[in-house]
Amino acid sequence: TFSRKSVQRREIIDANEVLRVVVTLVRRAVREDIEVVLEPCEGAAWISTDRAQLEQALLNLAVNAGDAMPKGGRLTIETRRCGADEAPPRVTLPAPRCVLLRVRDTGEGIPPEALDKIFDPFFTTKPVGKGTGLGLAMVYSFVAQSGGIIHVDSEVGKGTAFELFFPESAAPAQPDDASTPAAPTMRGGETLLVVDDSPEVRKVACRVLRAAGHAVIEAASAKEALQLYDQHAARIALVLTDVVMPEMGGRALGEALRARKPSLPVVFMSGYADDASLRAEFDATRERFVPKPFSASGLVEAIRAALDVDRERQSS
């Protein structure tokens, strides 16, 4: 993503609707001593961007904000429409009319010497093992690919605000109310095994699924996944796995798991969603498939659907 070579599935979306989905997940992902406040602007806030990447960017910023408030605090996520004359000092907006998405916390703030580096790939102020320094780089690149800009306002001891400005779009000519995404159905409780060799993708997927109420076991490879499944087979209700991984891919892992339990639900995910042969393969086998980048709501609903099918099969 931060190399600007990822595929965006851009569409005209209402930023307020996306925020309502993300806030539902954020409230479950951060600690109870952090108050999460949603402040949408009046009416719709139309922008042209990739819904899944926007959800991931906001979730990333919100969780970072939570980490910056170890003693608790207030996390505010808001939208508003603004003109060029309302831009922060020394900031040039990408269009005469923009939609602002702001993620603001009352945390520790960012030291001045780090502000110029926070969007650099692999730069992180977190302790070893707590962060890779890729999250903000991905957010920066996603916003740039969407034709927007990102501005940071921070003061040590007083908190930080990340401001994402996107060119405002005209409303869709014929909006389809039926296509408006609802907040993810929070009916979790099952234990899931999540397998992906990418730490960042695995972290996002696990964060979303835990926020939806599921217990999650993580594996960084197919080999580790098989070992963990053998240890926790009685608990694991479903496996979510990447398709392309070193040594053993997701399809081979799925076969090995179903050799142990033929009825085990397996959901596959891949960043090669535009590969026609891959899509044809999944269409032919009718396997459940989630393209990367996935939206939080899309991932939760795909997992919920697979679990519900399995439950119906067992009850019949």
K.L.:
Could you tell me the separation between the CZ atom of R27 and the CD1 atom of I77, rounded to the nearest 0.5 Å?
P.N.:
8.5 Å
K.L.:
Between E55 (side chain) and A296 (backbone), is there a donor-acceptor pair under 3.5 Å?
P.N.:
yes
K.L.:
Under the side-chain contact (heavy atoms from CB on, under 4.5 Å) criterion, do M138 and Q56 qualify, and how do the steps go?
P.N.:
CA-CA 10 Å; M138 291 180 174; Q56 289 190 15; over 6 Å; no
K.L.:
Within the structure provided, determine whether M69 and V30 are in side-chain contact (heavy-atom separation under 4.5 Å).
P.N.:
no
K.L.:
Just by distance, do the side chain of N60 and the backbone of L136 share a donor-acceptor pair under 3.5 Å?
P.N.:
no
K.L.:
Give the C-alpha distance, both sets of side-chain angles, the deciding distance and a yes or no for side-chain contact (heavy atoms from CB on, under 4.5 Å) between V239 and L264.
P.N.:
CA-CA 8 Å; V239 176; L264 178 68; 3.8 Å; yes
K.L.:
Could you report the tightest heavy-atom contact between L193 and A225, atom names first, then the distance?
P.N.:
CD2-O, 3.7 Å
K.L.:
Sub-3.5 Å donor-acceptor pair from the side chain of S154 to the main-chain atoms of I110, do we have one?
P.N.:
yes
K.L.:
In sequence, state the C-alpha distance, the side-chain angles, and the governing distance for R304 and E190, and then conclude on salt bridge (charged side-chain N to carboxylate O under 4.0 Å, His left out).
P.N.:
CA-CA 10 Å; R304 185 71 264 156; E190 298 88 349; 2.9 Å; yes
K.L.:
Could you check if a side-chain atom of R258 sits within less than 4.5 angstrom of a side-chain atom of V266, using non-hydrogen atoms only?
P.N.:
yes
K.L.:
Heavy-atom distance under 4.5 Å between the side chains of L257 and T241, does that happen here?
P.N.:
no
K.L.:
Would you give the length of the straight line joining atom CD of E163 to atom CG of L100, rounded to the nearest 0.5 angstrom?
P.N.:
5.5 Å
K.L.:
If we ignore hydrogens and angles and just use 3.5 Å, is the side chain of D105 paired with the main-chain N or O of T160 as donor and acceptor?
P.N.:
yes
K.L.:
Checking side-chain contact (heavy atoms from CB on, under 4.5 Å) for the pair L101/L54: CA distance, chi angles, key distance, verdict?
P.N.:
CA-CA 10 Å; L101 289 82; L54 178 59; 4.1 Å; yes
K.L.:
Within the structure provided, determine whether P70 and E108 are in side-chain contact (heavy-atom separation under 4.5 Å).
P.N.:
yes
K.L.:
Is a salt bridge present between E17 and R20, judged by a nitrogen-to-oxygen distance below 4.0 Å?
P.N.:
yes
K.L.:
With distance as the sole test, does D50 use its side chain to make a donor-acceptor pair with the main-chain N or O of Q53 at under 3.5 Å?
P.N.:
yes
K.L.:
Heavy-atom count around K261 NZ within 6.0 Å, excluding the residue itself: above 12?
P.N.:
yes
K.L.:
Decide, yes or no, whether a salt bridge links R260 with D230 under the criterion of side-chain N to carboxylate O below 4.0 Å.
P.N.:
yes
K.L.:
Indicate yes or no: at least one non-hydrogen side-chain atom of P40 is less than 4.5 angstrom from one of L19.
P.N.:
no
K.L.:
Could you state whether F165 and Y140 fall into the same hydrophobic cluster, counting links through intermediate Ile, Leu, Val, Met, Phe, Trp or Tyr residues with side-chain heavy atoms under 4.5 angstrom apart?
P.N.:
no
K.L.:
Does some side-chain heavy atom of F162 sit less than 4.5 Å from a side-chain heavy atom of I118?
P.N.:
yes
K.L.:
Could you tell me whether the side chain of T76 and the main chain of V37 form a donor-acceptor pair under 3.5 Å?
P.N.:
no
K.L.:
One pair to check against side-chain contact (heavy atoms from CB on, under 4.5 Å): E39 and R102. What are the steps and the verdict?
P.N.:
CA-CA 10 Å; E39 296 183 355; R102 182 187 287 124; over 6 Å; no
K.L.:
Between F142 and T49, is any pair of side-chain heavy atoms under 4.5 Å apart?
P.N.:
yes
